[in-house]
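A short write-up of the structure that comes next.
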Amino acid sequence: MTLPPNVYDAEPIPQAARDEIDRMLQSGDLFRYTAPENAPVTLLERDFAAFMGTKYALAVSSCSAALFLSLKALALPRGARVLIPGFTFAAVPSAIVHADCQPVLCEVGEDYRIDIPDFESRLAEDISAVIVSHMRGHTSDMDAIMAACAARGIPVVEDAAHSLGTTWHGRKIGTLGRVGCFSFQSYKLVNAGEGGIMVTDDADLVARAVIMSGAYEHNWAKHVTGPDAALEAAFARWQNKLPLYNLRLNNLSAAIIRAQLGEIDRRVADGRANHDYMAARLNASPWLHVPDKLGPEQRAPDSIQFNLVGLDEAETRAFAAAAAARGVKVQVFGLSSDNARAFWNWQFIPGPLPELPRTRAMLMRACDARLPARLTRPELDVIADALTGAAEDVMGPARAYGT
Ligand SMILES: *Cc1c(COP(=O)(O)O)cnc(C)c1O
């Protein structure tokens, strides 16, 4: 019998990274600005921009740092109001507070996506920027979001921490907004322990972000890797005018990330196949429901979310306990104490905490389970059996309708 798999272990780091790291440990060349050119961080930025099809990429210490620098690079004034979904990771409102701005939350529906009417009505409330957080890789209606923001001239930052490889109408998520931010923390598709990157086509924005990320003196010149008059002019414009927050990435992390870029397409394909297989198995249970994706989206999931149908709070807790007893850990976002994805725990936001009834209702019955791309079909079946079995443990045996 297959045992429940360990869903926390990452995949091994490719051998190419180990060889490169060994070389760096020999030379001690770990800082991105030591080498005159072709430092591992610079090569990562070149390759990542090519992979995404953007003009520029800036590698930094985390996705949170990328979000913070995006807001700083947009030159938002102190106290500017930044609209975000009420379902995201605490790092997102935190980056806004870090940038001296005010997070404003909008409702998220039971399909984990931004509630567009609520988003549009809050957009009228003196909003200076939007961070669309594609939480757990779920893409909201980007056509509606981009149109509403364009109509008001409001810049959009994409938090694509969990969306590497996701597309919308065939376009890569992270390239739809003015800037897109990704994470290389260990629970994301590409794992370097820590790390982040931002992509954009905007020369002025990236020049500001490069300087603030810690390109002191003329180190920005190492970001000009080909003829680019607009970029050079932007660096000249901002020289000595911006604070240096020093949120750089180091060469070791860059080598670990870069060696995994060639793995992304496979991980995306495997993760999607695993997710869709699991979704079909869970949807066969009358008590479990995996919401559909939106039409234009092609997902790249490394986890699965599903709603409990017809279970009250006590039964929901009993379901999580039954799944754990069967060896599969499920987190109900709104029930685990101090969960960083529950908006009522973001008590660091200045002012009264907002209430979002629809988002709260979703969080109270939405379950989260990790689903790494490396899992095999028998392992997926063990997890699916445990989850559907846990629902039956609590609600009784599932009966086919009409019998
Ligand atoms: C992980 C994550 C972040 C933060 O990424 P770090 O690299 O850890 O700062 C932000 N947003 C979402 C949706 C995430 O999943």
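Position 1 is the first residue of the sequence, and the numbers go up from there.
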Of all the heavy-atom pairs spanning C149 and F119, show the shortest one and how long it is.
SG-CZ, 3.9 Å
For D22, is there an ion pair with R18 - N to carboxylate O distance below 4.0 angstrom?
no
Taking R374 first and then D270, would you say they form a salt bridge - that is, a charged N and a carboxylate O separated by under 4.0 Å?
no
What closest approach, in Å, do G86 and L356 show between heavy atoms, and which atom pair accounts for it?
CA-CD1, 3.7 Å
I'd like a table of donor-acceptor pairs (distance under 3.5 Å, sequence neighbours excluded) in which one partner is a side-chain atom from residues 43-53, with atom names and distances.
residue	atom	partner	partner atom	Å
E45	OE1	R32	NH2	2.9
E45	OE2	R32	NH1	2.8
E45	OE2	R32	NH2	3.3
E45	OE2	A59	N	2.8
D47	OD2	R258	NE	2.7
D47	OD2	R258	NH2	3.3

A side-chain contact here means heavy atoms from C-beta on lying under 4.5 Å apart; do S140 and I145 qualify?
yes
Is it true that the side chains of N307 and Y112 contain a donor and an acceptor less than 3.5 Å apart?
yes
Distance (rounded to the nearest 0.5 Å) between T359 OG1 and E107 CD
4.0 Å
Just by distance, no angles: are the side chains of Q298 and T167 close enough, under 3.5 Å, to form a donor-acceptor pair?
no
Check: D29 main-chain N/O paired with N251 side-chain donor or acceptor under 3.5 Å
yes
For the residue pair S285 and T388, confirm or rule out a side-chain donor-acceptor distance under 3.5 Å.
no
What closest approach, in Å, do L67 and A95 show between heavy atoms, and which atom pair accounts for it?
CB-CB, 3.8 Å
Closest heavy-atom pair, M146 versus G177, reported as atoms and distance to 0.1 Å, is CE-CA, 4.0 Å
Report the C-alpha separation of I154 and S128 in whole Å, then their side-chain angles, then the decisive distance to 0.1 Å, and conclude whether the side chain to side chain contact (heavy atoms under 4.5 Å, CB included) test is met.
CA-CA 6 Å; I154 296 174; S128 297; over 6 Å; no
Between E315 (side chain only) and D312 (backbone N and O only), is there a donor and an acceptor less than 3.5 Å apart?
yes
Determine whether a donor-acceptor pair (N or O, by modelled atom type, separation under 3.5 Å) exists between the side chain of Q331 and the backbone of F333.
no
Is a donor on one side and an acceptor on the other found under 3.5 Å between the side chain of T200 and the backbone of V179?
no
Using 30° and 60° as the class boundaries, would you call the ring planes of W220 and H218 parallel, tilted or perpendicular?
tilted
Check whether any side-chain N or O of S121 sits under 3.5 Å from a backbone N or O of D118 as a donor-acceptor pair, and report yes or no.
yes
Distance only, no hydrogens: is a donor on one side chain within 3.5 Å (strictly under) of an acceptor on the other, for D19 and Q15?
yes
Let's go through N250 and V41 carefully: what are the C-alpha distance in whole Å and the side-chain angles of both, what is the deciding distance for side chain to side chain contact (heavy atoms under 4.5 Å, CB included) to 0.1 Å, and is it a yes or a no?
CA-CA 7 Å; N250 67 74; V41 181; 5.8 Å; no
Kindly determine whether Y216 and N240 satisfy side chain to side chain donor-acceptor pair (under 3.5 Å), including the steps that lead there.
CA-CA 9 Å; Y216 59 92; N240 297 342; over 6 Å; no
Do the side chains of R326 and D393 get close enough for a salt bridge, i.e. N-O under 4.0 angstrom?
yes
Gap separating the CG atom of L242 from the CG atom of L244, nearest 0.5 angstrom:
8.0 Å
Near-ring test Y33/H223, centroid separation under 6.0 angstrom:
yes
Do T54 and D201 have a side chain donor and acceptor closer than 3.5 Å?
no
Could you walk me through whether E355 and W344 pass the side chain to side chain contact (heavy atoms under 4.5 Å, CB included) test, one step at a time?
CA-CA 8 Å; E355 186 44 44; W344 52 88; 5.9 Å; no
Quick one: do the D381 and Y277 side chains pair a donor with an acceptor below 3.5 Å?
yes
If only side-chain N and O atoms count, and only distance matters, is there a donor-acceptor pair under 3.5 Å linking D302 with H275?
no
Does atom CZ of R78 have more than 12 heavy-atom neighbours, drawn from other residues, nucleotides or ligands, at distances under 6.0 Å?
no
Backbone of T139 reached by a side-chain donor or acceptor of R113 within 3.5 Å
yes
Exam field: side chain E20 to backbone A17, donor-acceptor pair closer than 3.5 Å:
no
How far does CG of L311 sit from SG of C367, to the nearest 0.5 angstrom?
8.5 Å
State, with a plain yes or no, whether a side-chain heavy atom of L76 is found less than 4.5 Å away from one of V82.
yes
May I ask you to establish whether R341 and F87 are in a cation-pi arrangement, using a distance under 6.0 Å from NZ or CZ to the six-membered ring centre and at most 45° from the ring axis?
no
Just by distance, with hydrogens left out, do Q305 and H138 show a side-chain donor and acceptor under 3.5 Å apart?
yes
Main-chain N/O of G174 paired to E158 side chain as donor or acceptor, under 3.5 Å:
yes
In this structure, CG of L69 is separated from CE of M212 (nearest 0.5 Å) by 6.5 Å
Output yes when a side-chain donor or acceptor of R208 lies under 3.5 Å from a complementary backbone atom of K72, and no otherwise.
yes
Can you name the nearest heavy-atom pair linking N274 to P372, along with the distance?
ND2-O, 3.5 Å
Closest heavy-atom pair, D141 versus L294, reported as atoms and distance to 0.1 Å, is N-CD1, 3.6 Å
Hey, mind stepping through W346 and L105 against side chain to side chain contact (heavy atoms under 4.5 Å, CB included) and telling me if it holds?
CA-CA 11 Å; W346 305 339; L105 312 186; 3.8 Å; yes
Can you confirm whether L353 sits close enough to Q347 that some side-chain heavy atom of one is under 4.5 Å from a side-chain heavy atom of the other?
yes
Would the distance check show the side chain of R81 and the main-chain N or O of E125 forming a donor-acceptor pair, the cut-off being under 3.5 Å?
yes
Would R281 and D385 satisfy salt bridge (charged side-chain N to carboxylate O under 4.0 Å, His left out), going step by step from the backbone distance to the final call?
CA-CA 9 Å; R281 288 235 29 214; D385 290 343; 2.8 Å; yes
